[in-house]
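The structure appears right after this line, and notes come after that.
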Amino acid sequence: MFLYNTLSRQEEEFVPLDGHTVRMYSCGLTVYNRGHIGNFRYFTAVDVLRRVLRHHAGYAMRHVVNFTDVDDRTILESQKAGVPLREYTDRFIEAFREDADTLGLEAVEENPRATDDANLRAMCEIIAALDERGHTYLSDGSIYFKIATMPDYGKLARLDHAGMKPGARVDTDKYEKEDARDFVLWKATSPGEPTWDFGVGPGRPGWHIECSAMARRLLGDTIDIHAGGVDLIFPHHENEIAQTECATGHPFARFWFHVEHLIMDDGEKMSKSVGNVYTVSDVLERGYRASALRYLLLSVHYRKQLKFSWANLDQAEEALKRLMDFLGRLERVAVEGTHPEIADRVAGARRDFGAMLDADVNVPGATGVMFDLVRTLNAAIDDGRLGTGDVPVVTGAFEWFDAILGVVALRRAEEARPPVPVEEIEQLIEARQAARRGRNFVEADRIRADLDARGIVLEDSPTGTRWKRK
RNA sequence: GGCGCCGUAGCCAAGUGGUAAGGCAGAGGUCUGCAAAACCUCCAUCCCCGGUUCGAAUCCGGGCGGCGCCUCCA
């Protein structure tokens with residue numbers, strides 16, 4: 001398969017270094033707040049990449065997603081809340097797990113948090129190695145990385161520092177730095193701040209060092225894929241490269257996978273600092289389903305900005321309904337027989353779907369292939385050219401599609417918890433059938449409208465009445 | 001000011017040199033007690049202007065517009 005690599009700015013064929021296990025690190029949340037749907041656009045994109053690597057390319061995974069549970073904001077917010085740092089960040093880690101579960105993200109192999117001893121120790125080992133090799137200096141009790149000691153610094157972001165806007169915002173750090181681009185590895189702490197001492201003196205981690213350390217400890221010196229949002233390219237990922245490569249002497253990540261932003265209708269990036277933020281639970285409270293949200297998040301290629309709007313979410317819901325209606329219909333096929341042309345058509349769709357995934361995870365292209373197949377098969381069902389003998393081939397294909405998309409499984413889990421008890425629905429359907437037999441259509445329509453208002457839709461067919469969630 | 005991305009139908013969105021996938025919405029039809037679902041039909045020449053080419057939405061140049069990064073940020 002081919003993946004776009006930010007490092008080379010082009011698509012490259014991807015094969016894990018050892019040929020069978022993908023070692024992937026994706027930057028996780030800073031847990032001072034609940035993640036918003038922009039964050040989850042990224043997590044969902046990485047989830048699909050992971051699923052493609054596993055279920056399509058057939059690789060084993062060793063995938064690490066961290067929690068940044070110490071930085072200026074987590075410290076500040078926990079102090080404001082009057083809660084110990086660890087306890088404060090625990091809440092948002094728990095919230096993340098809930099949201100991840102709601103959106104059907106596959107569990108990853110490791111979820112380290114920065115303040116675990118093993119990770120702090122790993123950070124200090126890197127810092128010590130950098131110090132030995134002359135890449136650091138001390139200023140005001142903090143340890144800095146010295147950019148000037150790394151000739152190829154900037155190879156990922158490719159920023160032209162000569163052309164940077166003069167003045168203003170380059171050096172906002174309150175500490176003394178020799179060069180504006182130097183960054184802190186280990187921060188001096190002020191009284192009352194959490195402090196650790198694992199061999200480089202008391203202090204707390206700089207932002208970038210944790211990812212380098214956790215990736216190295218759990219995945220080794222060179223990893224296959226490092227993922228993040230595009231906003232992390234600079235400075236975060238650039239600095240991770242600097243630290244790790246100068247400490248180990250090996251290339252850090254072979255592929256850099258960056259996901260574009262989700263932006264709001266009004267055209268602004270959704271971010272905590274701007275304040276235009278919706279969480280997964282906000283979306284659910286508006287009456288939308290998580291499956292629809294997941295579908296929407298997948299409906300734009302990961303390297304393009306996704307403009308979020310409630311109208312788009314409505315459209316996603318409708319598209320998903322079409323898919324679910326088809327799958328339901330498939331289960332009810334009664335005509336016997338097997339048709340080789342159906343198997344051919346399905347095989348073709350599987351091939352095309354896979355080709356889309358191979359081309360830099362083209363999910364919108366892949367869903368196009370899938371819906372094309374839905375129409376063909378719906379038509380085949382209509383005129384009896386799809387028999388019970390064909391059904392397993394078809395369901396097999398759609399199960400595979402969903403192993404990647406993960407949207408049908410979510411929807412089915414939601415269906416298992418209808419807003420009206422199943423027993424009651426069935427009683428009402430029975431009552432309505434009796435009314436219809438007596439040609440009392442007023443009563444029949446009343447029951448249908450009543451259920452509709454409660455979120456249950458009825459559909460009549462020659463073989464009886466079916467219900468589904470709205 | 002520097003670097004980069006993007007601009008495809010009413011909406012969302014693939015396609016990046018060979019004559020516009022898919023979804024939503026809309027119109028007409030078939031089916032239905034009525035609906036729903038489903039099917040059939042219809043609905044774009046790709047922001048603008050130049051250029052390269054037998055041929056461009058796709059490549060090049062110039063505009064216009066939107067967004068991102070350069071600062072914490074998925």
Side-chain angles (χ1 to χ4, degrees), chain A residues 6 9 26-30 32 35-46 68 71-73 157-173 180-181 207 227-236 258-263 267-274 295-296 299-301 303-307 309 311-323 325-326 328-329 352 356 359 362-375 377-383 436 439-442 444-445 448-449 452 457-462 465-468:
Chain A
T6 308
R9 305 288 154 106
S26 30
C27 287
L29 279 185
T30 300
Y32 70 100
H36 54 69
I37 56 177
N39 295 317
F40 281 97
R41 194 264 167 123
Y42 157 69
F43 287 115
T44 305
V46 173
T68 295
D71 78 326
D72 292 350
R73 291 161 303 170
R158 301 185 182 183
L159 288 180
D160 173 11
H161 287 275
M164 281 200 336
K165 199 170 190 169
R169 310 193 298 193
V170 172
D171 187 2
T172 55
D173 206 305
R181 297 173 301 160
W207 175 31
V230 286
D231 53 348
L232 297 184
I233 295 172
F234 189 88
H236 188 232
H258 288 107
V259 180
E260 254 295 353
H261 287 300
L262 177 149
I263 57 177
E268 263 208 282
K269 179 172 91 163
M270 177 175 287
S271 80
K272 294 173 189 175
S273 44
V274 176
Y295 185 86
L296 175 62
S299 68
V300 181
H301 184 90
R303 283 198 289 119
K304 275 189 151 182
Q305 290 179 343
L306 185 154
K307 205 180 289 175
S309 73
N312 292 164
L313 192 48
D314 286 328
Q315 292 184 6
E317 169 66 24
E318 291 307 316
L320 196 42
K321 267 188 187 136
R322 176 169 168 80
L323 176 61
D325 283 330
F326 165 72
R329 214 178 161 214
D352 294 345
M356 288 296 180
N362 186 349
V363 175
T367 54
V369 170
M370 180 177 72
F371 276 109
D372 211 21
L373 182 64
V374 167
R375 187 177 16 76
L377 296 179
N378 261 325
I381 293 173
D382 271 356
D383 41 59
R436 291 178 78 208
R439 306 201 63 79
N440 182 356
F441 295 121
V442 175
D445 288 350
R448 186 170 60 195
D452 188 86
V457 179
L458 299 188
E459 287 176 13
D460 297 326
S461 79
T465 297
R466 299 186 295 275
W467 65 270
K468 65 181 183 189

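By convention in this document, chain letters (A, B, ...) are assigned in the order of the sequence lines, proteins followed by strands, and residues within each chain are numbered from 1.
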_Just the rounded figure in Å: distance from P of B/rC24 to CG of A/D314._
13 Å
*If you look at every strand shown and take non-hydrogen atoms under 4.0 Å, does A/G368 touch a base, only sugar-phosphate, or nothing?*
base
*Decide, yes or no, whether a salt bridge links A/D460 with A/R466 under the criterion of side-chain N to carboxylate O below 4.0 Å.*
no
_Interatomic distance at C1', B/rG65 relative to B/rC31, whole Å_ = 48 Å
*For A/V300, answer base if it contacts any base atom (sugar-phosphate contacts may also be present), sugar-phosphate if it contacts only those atoms, and nothing otherwise; contact means non-hydrogen atoms under 4.0 Å.*
sugar-phosphate
_Base-pairing mate for B/rC67 - Watson-Crick or G-U, with both contacts under 3.5 Å_ = B/rG4
*On RNA chain B, check which nucleotide each of A/A316 and A/R9 is closest to and give me the residue with the more 5' one.*
A/R9
*Identify whether any heavy atom of A/G38 sits under 4.0 Å from a base atom; if not, whether one sits that close to sugar-phosphate; answer base, sugar-phosphate or nothing.*
base
Dump the pairs, protein N or O against N or O of nucleotides 15-17 of chain B, anything under 3.5 Å, distances to one decimal.
from   : atom 1 : to     : atom 2 : distance (Å)
B/rG15 : OP1    : A/N362 : ND2    : 3.0

*asked:* Check this for me: does the side-chain of A/Q305 come within 3.5 Å of the base of B/rC6 through a donor and an acceptor?
replied: no
*Where along nucleotides 33-46 of chain B does protein come under 4.0 Å, by heavy atom, of base (B) or sugar-phosphate alone (S), with - for untouched nucleotides?*
BBBBSSSS------
*What is the base-pairing partner of B/rC34, counting Watson-Crick and G-U wobble geometry with both distances under 3.5 Å?*
none
*Kindly check if the number of other-residue, nucleotide or ligand heavy atoms within 6.0 Å of CZ (A/R9) is above 12?*
yes
